Every structure is written in structure tokens, then in C-alpha cells.
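All values derive from a computational prediction rather than experimental measurement. Throughout, a chain's letter reflects where its sequence line sits, starting with A, and its residues are numbered from 1.
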Amino acid sequence: MDRYDAQAIEQKWQRVWEDARAFNVANPEPGADRSRKAYVLAMLPYPSGTLHIGHVLVYTISDVLARFHARRHEYLLHPIGFDSFGLPAENDAIRKGGHPREIVEENITHITGEMKRMGWSFDWDRVIAAHEPEYYRWTQWLFLRLYEAGLAYRKPAPVKWCPKDQVVLANEQVHDGRCEYCGTEVVSKNLEQWFFKQTAYAQEMLDDLAGLDWPERIKTMQRNWIGRSEGAEVLFRIDELELDVPVFTTRPDTLFGATFFVLAPEHPLVEEIIARSPNAAELRDYAGHAAAKRGEERAAEEEKTGIFTGFHATNPVNGERIPIWVAEYVLMDYGTGAIMAVPAHDERDREFAERFDVPIRTVIDDDGVLVDSGEFTGMPADEAKRAIVDRLAEDGRGRHAISYRLRDWGFSRQRYWGSPIPIVYCEACGQVPVPDEQLPVVLPDLEDYRPRGIAPLASAEDWVRTTCPSCGGPGQREVETMDTFVDSSWYFLRYCDPHDDQAPFDKEVVDWWCPVDQYIGGVDHTTMHLIYARFFMKALNDLGIVGFREPFQGFFPNGWIQLGGSKMSKSKGNVIGPDELISRYGADALRLYTLFMGPADGDMEWADEGVEGMARFVRRLYRLVTEVAEQSSRGDAPANDLSHKAHETIARVTDDLGRRKSFNTAIAAVMELLNDLSRAGSADPAARFAAETAVSLIQPYAPHVAEELWERLGHSRLWEEEWPSPDEAQLRRATFELVVQVNGRVRDRLEVGADLSEDELVARAKASPRVQAHIDGAEVRQTIVVPGKLVNLVVG
RNA sequence: GCCGGGGUGGCGAAACUGGUCAGACGCGCCCGACUUAAAAUCGGGUGGCCCUCCGGGCUAUGCGGGUUCGAAUCCCGCCCCCGGCACCA
């Protein structure tokens, strides 16, 4: 018998698949049955550098599911592409020195090779890259549709700025006050920026989570991020300014306890108050300093700070005039930037009131009933919430309101490597969209593209200078570029129709394939990409561009592979790449190991011995199956223990891959079958069937060796072979092991016929000498029978 | 603080709706075979404690209680870990 040679086998089958176009799928004929499609997708990689073991996990998951579905469906879409615009790619280019396009394209070539060596079954005819004009032309086109609909707009706003990357970041790209890409602490800047109006869909994004097959923890993360609070908006009158100022509160039932009023330092009214205030200098000093601080600094303040303005606001429920303060604990970007303060029933207000000696008035007693609250006194708090707002609404002083934590998505970037925003500024016409027929607005080549605080494209004067599409006069192009999350908000649509040069895609084709049935990717994108793409689909659906409102029906978050207890990252230098592992153990063993380590949605610790174990399993499979292929005779397998085991394994693996997405236990099931085959030996009449079953079931994980062994077993093209189904008759056994318990403790196990009645089972149980010893003549008070499993005798 | 997930051998883990002595499968370790030897490979063993040791007993799923004929699984209280949100009004 020959020795297992991973390299030779893997190269051989990769060539066969490519020649046979095994993984290329044509778009369906119009009217094709949608129940026969599966769209399996893993998040596309940033082509910055090479693949690491984390990528191996994600794409192996998607490949196992894709290969499994391919053998159960007529149409399977399993594409791949590159998120080649944006900071990760550009930073890699800066590090290596060279133009981002060259670096990115080198990386793509390299990564493509690695992906093919892993044996992943991508449809390479559909590959896309965000930086190619054929792609970003349509990103720009989609931007224009959103712009026309008022869903993309430009406004001055305080934004998060990363001083190292010299770029604006979306709220979603700031974690713990640090830059998503480089970890530098961000600062706040006031800038004119482009936004997508994703807040318009906040409620719907919340509601539609219910219909998605996503893990609960992912839904929770999105719910937290969207952050809905129910309450009321209440108008407070400021007589000195002749103005009504709205506040948001979740506790309208405590309105009678409001003893002061607070404006955020950035609140626009603060300027007006300063203008009319005798202590203007002091106020300006406080507000200026507070507003300049980062949110985290403000939150970290040991003691509450604030300053009295000298102005007063009138509480609409009782006409009381309460002092207006400016305090940094009130934030401009939540609610209305102004609050009514109820120190008796809010911890923060209480802290402030105690520090500055403001009165504290209790308006709800320990039983949750209103006190000292005018006509509402005696009413339970939850009832009063509604009643007070209803009453205010009658007077036009308030209304029920809902506030969200979600902000609009700031998507313009002061960097070079991204899609230009197709807008021209004209002195006469203002902001003018570039007409569709002039797309794409091509990103010009720049000698020095490095970040410098202002958009590098501003230095491409010839490119910036243009004519206004509206009046033909002189115009200037928008010099900021789009966040690469814009590119990735619709890429899965382009895969459906990747070569269309008339439109971003054919609507009918996209509506046939989409939504993505099974999406796979990192949890870290839960409050970024997964929010953005959902917003995009809802907006595009409202514009009639797509026929559905959710992009990803199923989502499987892959875990992280750690090395030495910490998450792999380039900066820690604990990155393992696939190439070396492939040449040492083979792609099949590597694929098996990444999924066998543990549940694929949890974190895992990498261990070299583990891959060796998998390599051992592959060799064992190869040896045993080859032996069977050479020695055992063909023909129908009889029903015996080994064939039963094979059918059970089919049922288990099918359920593990289909319903449970439990990749590690499916491998364990095949190992068990192989162990049984080894024990039974190749002379067992069911040996050939068991060997074929093992090979067929392991194929999604270890496609190369499976294909090779399938051929040795006298067949061809396992990838086209229909996924096996268990024979129901063989899943039922003639006998089973009856567990006999006395008082819930197992005392004996008996091999009994599966057709015995409950009474007969009890009789058998009682007859057992071991059981008798434990009953010891006592009376059996109760008998519990679980058919097919156990008998429990309760005595004494 | 609020929300979500979790805690099982030396290690990664299994046990899916409460039901076959909990620990499948693998790693590691131990013993044996092959070998001059080692590696590789193959076979066997492997939660803990104990006994009268070809057998058997007790104990064991973070801790304490409860429900049940029966609990890793359900309920109550506590401890710890991970993740999200957080001066969010």
C-alpha cells in the first residue's frame, strides 16, 4: 500500500476541480425554483498582508457549509472578493512603501493562491475587488440614489478624529474611545461631514431582528447599539430668551420633582445665554473647557462640575421656575442636549444637587405612588407616566417620544484610498451630484497619498478642478473619499451579477439569490458592517432597487483562534499563516483541525499537537479505506452493527451540519465510525459501505483526501454526489440496552428486544439478580418506564 | 449599573426536548508490540477516593439550597469569567 501524500493528492484534486469548473455556478433561468438555492457567504477579507489562521477558520466554515449545501441543492452561490479600499489596505501600502493599488493587487494575488491551496470552493468567476473602477462605479451610483432620496447628506458636526490615522471615524469605529484600526485615542473635532441617515431605520432595524436566524447574543449587541428608550419630550419655557426648550426624559412621572435644569456645554443656547449674561467670561470658560474634553474624560470625572447661568426655566406641569445650569455630565449627542434634573430619583442629578446645594424633592414614595405631584398625587408611577404626558400634550407642552442611541453614519474620510464621492461644488449651484453617465469618478493616481489631516485628493488640482454638471461653470470635486464600509454594504449583491456594466446588478437575479442564507464572519462587525448593510438593504428596498429588506437571513459568528492565551495579531507577533501549515500537515488536516478544536463560534487556543492529531486521523482514514478498497468485496451491505453505525453517523453528521452547525461533533462522529470500521476489519460485510460513508461524510471538511479515496472505491466526482440519507429501518435496532435503575441509581443494563412492551420490560428488570439484590425484598412502590431507554424501580 | 453568554478530567471538549453507571471524540500521559535504538505506526489503559481488586463501593459537572422516581440540564440564592452598552437623562 502506498503512503498518504497530502501535497500530491491536494494538488491533483485542486487541478481537477478547476478543470471541471466544479465550483462555478451560472445564474438561474428566469422562474427557477428558489427553494433550490443556497447563498453561503463569508465576510470578504481586507487584502492587507497575507492570510492568517483566523481567516482559515472563517473560510473553512463557509466552505464546509457550501460543500454540504452543494450536495443537497441544485444552485449554490459561494463567492469571494476583496475589501481592497480603505484604511487597512492603505496602511499596509504605507508600511511597505508603494502605491496602494500595487500593494493591494500583489496581496490579492498572494491571498488568492493561499485560498486555492486551502481547497476552498469559491466561484472565482465572480471575484470582485472594491478598488476596481468597475466596482466603485456602482458604489458611487448607489450613493447618488441615496443622496437623491435625502438619505446621504452633508452637515457640520462634532466627529471622532484619529490623530494617528489622520481621519474621521464613524461612531461604530471607535471602541473604548480608541481607533478601530490603530488603537490611538480619538479626539473630537468639528467638521463638515457626509452622513447616511441610518437613524431613519432605527426602529425597523430593531423590529426586524426578530425574523433573523442570528444568535441571541448578536441580536442583543445590536439592540444595545441602537439603544431605544421610551419616554417623553417636554417643553420648558425660558422667559428671558422667549424660547421653548425641549428635553427628553424616560421618567415623565417625576416631572414634579424637577428642581433644576441642565444644558450640555455644547448646547447652542449656551452661546445665547453667554451673550446676555453678566458673568459671560466665567460661563464661556467653563463651557469651552468642558466641550473640548472627550466623552471618556467627562465620564471619568470624580465629581460633578457645572455652573449656574442666572437664567431660569419654567416647569410646564406646575409653572415653577427652576435654575438653569450648564454641566458637562449632560451630553449634546443624546436626547436633546438638555435635561430636567430630578435629584430625588436620578443618581447623577442627586450627586450634582448635593454638590451644589440644589433642593431635592421626593415625588414618588417607596410603594411607587406619586406624592406632592398636584392632581397626579396618589397615582401609581407607571400610570402617571402616561397620564402626565397626555396632559402635557393637550397643552402642547409635551409628547410621547422615543430616543435612540444610534447615530447617523459618518462615512466621509480624509484619506486617499477610497472611492471618490461623486459630488461637485459650484459657486452658483452649490452641491451638485455627478450625473450617472459620468461615473465612475476615477480616483486619480497620487505620488504622495499619505494622510496629512486634510484630504490628500485636494492636492490633485487638475482633478479637483472640473465643470459644474448643472450650469457648466467652474466647479470643484469633493476631495474626501468614502469609508470602505460603504463598499462592503452592498458587495454581496454584486456577486450575483458581477460583470454587469449597465447597472450595479440585475434586480431579478439579485432578488433570486438574496438574501444571503448563511453569512459567516467575526463578531467584531456586529455593530459596524452588520448595521450598515442592514441599513443599506432597507434604503435600497424603499428606492425599489432590491426586493427585500434584510441582507443576511442566517448569521454564524466565528470565534477567535488564540495563541498563548491572546488574540492573534500582527503587532503581538503571534500570527500563524496557512502556507507553512499546509506544507507540513496538508490543507485537509488543517481544515479539520480548525473545526475540531472546539465549537466554531467560541474562542479557541491553537495547539500544534492538535493539528498533528488531525494529520494522524487523515492518514488513518487513508490507510483503512484503501485497505477496504483493495480487499473487501462489493455488493449490498447487510444490516449488521457496522452498517447500523454508518447510518447513525449519516443522521448525526447531517443534523450537525444542517440544523446545529456543530462542526466539531460531526468530525467526532466520523471518527467513531472509523474506529468501528477498524475494529470490525475489512472482512466485515459492511466494511465497504462504512468506508464509503465515512469518505462521503468527511468530504466537506477534507475534500481532497475524500475525493482521492472515493476514486479508489471505484467512483468519481464525489463533489457532485448527492448527500447520503440514513435508512430509517437501519436506524432502528432489533435490541437495545435497557438501563435498570433502583431509586434512580443504575444497577444493571440488559440487552432486550426493541419490541417488548412496557410490562415485559418491567418484568425483565425485576428478574435481574443484581436488581433483586438492591430491592432486597422491599415493596416496589412506583415504576417508571422510558420506552427504548430505561426502567426505574422505586422501592421502600 | 443594565443586557447577553458561560463555569464539566491534566488540556480542547461531548452529553441536542430532565432519562443508558457524566466525560463521546481528540490531545497529553502511561503500558505493550514493531525497531539495535529512536521517530512513525499499531494495540491497550487513563475523573477522584476506597475495598475483601477477573469484582465491587463511594464520590464527582463553580458554591449552597430546592423541585423530581431521576438534575450538568429546571427553580431560588451566592461566587467567578467573557462579551455588549453605559454620566444615554
Determine which nucleotide pairs with B:G18, using a 3.5 Å limit on both distances of a Watson-Crick or G-U wobble pair.
-> none
Ion pair check, A:Arg223 and A:Glu216, cut-off under 4.0 Å = yes
Which of B:C87, B:C16, B:G84 is nearest the side chain of A:Met221? It is B:G84
Under the side chain to side chain contact (heavy atoms under 4.5 Å, CB included) rule, collect the residues that match up with A:Glu609, sequence neighbours excluded.
-> A:Ala607
Do the rings of A:Trp325 and A:Phe308 sit parallel, tilted or perpendicular, given the 30° and 60° boundaries?
-> tilted
Using the C1' atom as the reference point in each nucleotide, state the distance between B:G66 and B:C85 in Å, no decimals.
-> 34 Å
Quick one: look up who B:C78 pairs with, Watson-Crick or G-U, both distances under 3.5 Å, and put none if it's unpaired.
-> B:G62
Taking B:A89, B:G4, B:A13 as options, the one with an atom nearest any side-chain atom of A:Arg217 is B:G4
Whole-Å gap separating P (B:G84) and CG (A:Asp524) | 10 Å
At under 4.0 Å between heavy atoms, what does A:Arg619 touch on the DNA or RNA strands: base, sugar-phosphate, or nothing?
-> sugar-phosphate
Whom does B:U67 pair with, Watson-Crick or G-U wobble, provided both distances fall under 3.5 Å?
-> none
Value in whole Å for how far the P atom of B:G28 lies from CH2 of A:Trp606 = 14 Å
Side-chain N or O of A:Arg660 less than 4.0 angstrom from OP1 or OP2 on B:A15?
-> yes
For atom C1', what is the distance between B:U67 and B:C49, given to the nearest Å?
-> 30 Å
Answer for the Watson-Crick or wobble partner of B:G23, both distances under 3.5 Å, is none
When the C1' atoms of B:A40 and B:G48 are considered, how many whole Å apart are they?
-> 34 Å
Any A:Met43 side-chain heavy atom under 4.5 Å of A:Val58 side chain | no
What is the nucleic acid contact for A:Pro599, judged by heavy atoms within less than 4.0 Å: base, sugar-phosphate only, or nothing?
-> sugar-phosphate
Assign A:Val330 to base, sugar-phosphate, or nothing according to its heavy-atom contacts below 4.0 angstrom with the strands shown.
-> base
Spacing between A:Leu674 atom CG and B:C42 atom P, to the nearest angstrom | 10 Å
Across every strand shown, the nucleotide meeting Watson-Crick or G-U wobble geometry with B:G28 (both distances under 3.5 Å) is B:U46
Measure all distances between protein nitrogen or oxygen atoms and nitrogen or oxygen atoms of nucleotides 24-27 of chain B, and list the pairs falling under 3.5 Å.
residue : atom : partner  : partner atom : Å
B:A24   : O2'  : A:Glu672 : OE2          : 2.8
B:G26   : OP1  : A:Asn675 : ND2          : 3.4
B:C27   : OP1  : A:Arg616 : NE           : 3.2
B:C27   : OP1  : A:Arg616 : NH2          : 2.8

B:C74 to B:G26 separation - C1' atoms, rounded to the nearest Å | 32 Å
Using distance alone, with no hydrogens and no angle criterion, decide if A:Trp214 and A:Gln222 have a side-chain donor and acceptor under 3.5 Å apart.
-> no
In whole angstroms, the gap separating P of B:G5 from CG of A:Asn224 amounts to 12 Å
If B:G1 has a Watson-Crick or G-U wobble mate with both distances under 3.5 Å, name it; if not, just say none.
-> B:C85
Does B:A33 have a Watson-Crick or wobble partner in any strand here, with both distances under 3.5 angstrom, and which is it?
-> B:U41
Indicate whether OP1 or OP2 belonging to B:G84 is found under 4.0 Å from a side-chain N or O atom of A:Arg223.
-> no
Between A:Arg659 and A:Phe248, which has a closest nucleotide on RNA chain B that is more 5'?
-> A:Arg659
With a non-hydrogen cut-off below 4.0 angstrom, is A:Lys219 in contact with a base, only sugar-phosphate, or nothing?
-> nothing
For atom P, what is the distance between B:A24 and B:G47, given to the nearest Å?
-> 8 Å
Pick base, sugar-phosphate or nothing for A:Ser678, based on heavy-atom distances below 4.0 Å to the nucleic acid.
-> sugar-phosphate
Do A:Lys304's NZ or CZ and the ring of A:Phe352 fall within the cation-pi criteria of under 6.0 Å and 45°?
-> no
Does one side chain, of A:Asp656 or A:Ser662, offer a donor that lies under 3.5 Å from an acceptor on the other?
-> no
Rounded distance in Å - OH (A:Tyr334) to P (B:A86) = 11 Å
Determine the Euclidean distance between corresponding C1' atoms of B:C21 and B:A86; express it in Å to zero decimal places.
-> 50 Å
Please name the pair of heavy atoms, one in A:Leu592 and one in A:Ile667, separated by the smallest distance, quoted to 0.1 Å.
-> O-CD1, 3.6 Å
Would you check if the distance from the ring center of A:Phe556 to the ring center of A:Phe663 is below 6.0 Å?
-> yes
C1' atom, B:C30 versus B:G10: distance in rounded Å?
-> 13 Å
Could I get a table of every N or O pair under 3.5 Å where one atom is in the protein and the other is in nucleotides 69-72 of chain B?
residue : atom : partner  : partner atom : Å
B:C69   : O2'  : A:Asn792 : ND2          : 3.4
B:C69   : O2   : A:Asn792 : ND2          : 2.3

Write down the distance separating the P atoms in B:G45 and B:U35, rounded off to the nearest Å.
-> 24 Å
Polar side-chain atom of A:Asp244 near backbone of A:Leu235 as donor-acceptor pair, under 3.5 Å | no
Do A:Lys766 and A:Val780 have side chains that get closer than 4.5 Å, going by heavy atoms?
-> yes
Would you kindly give the CZ-to-C1' distance between A:Arg228 and B:A89, to the nearest whole Å?
-> 16 Å
Give me the ring orientation class for A:His529 and A:His525: parallel if the planes are under 30° apart, tilted from 30 to 60°, perpendicular past 60°.
-> perpendicular
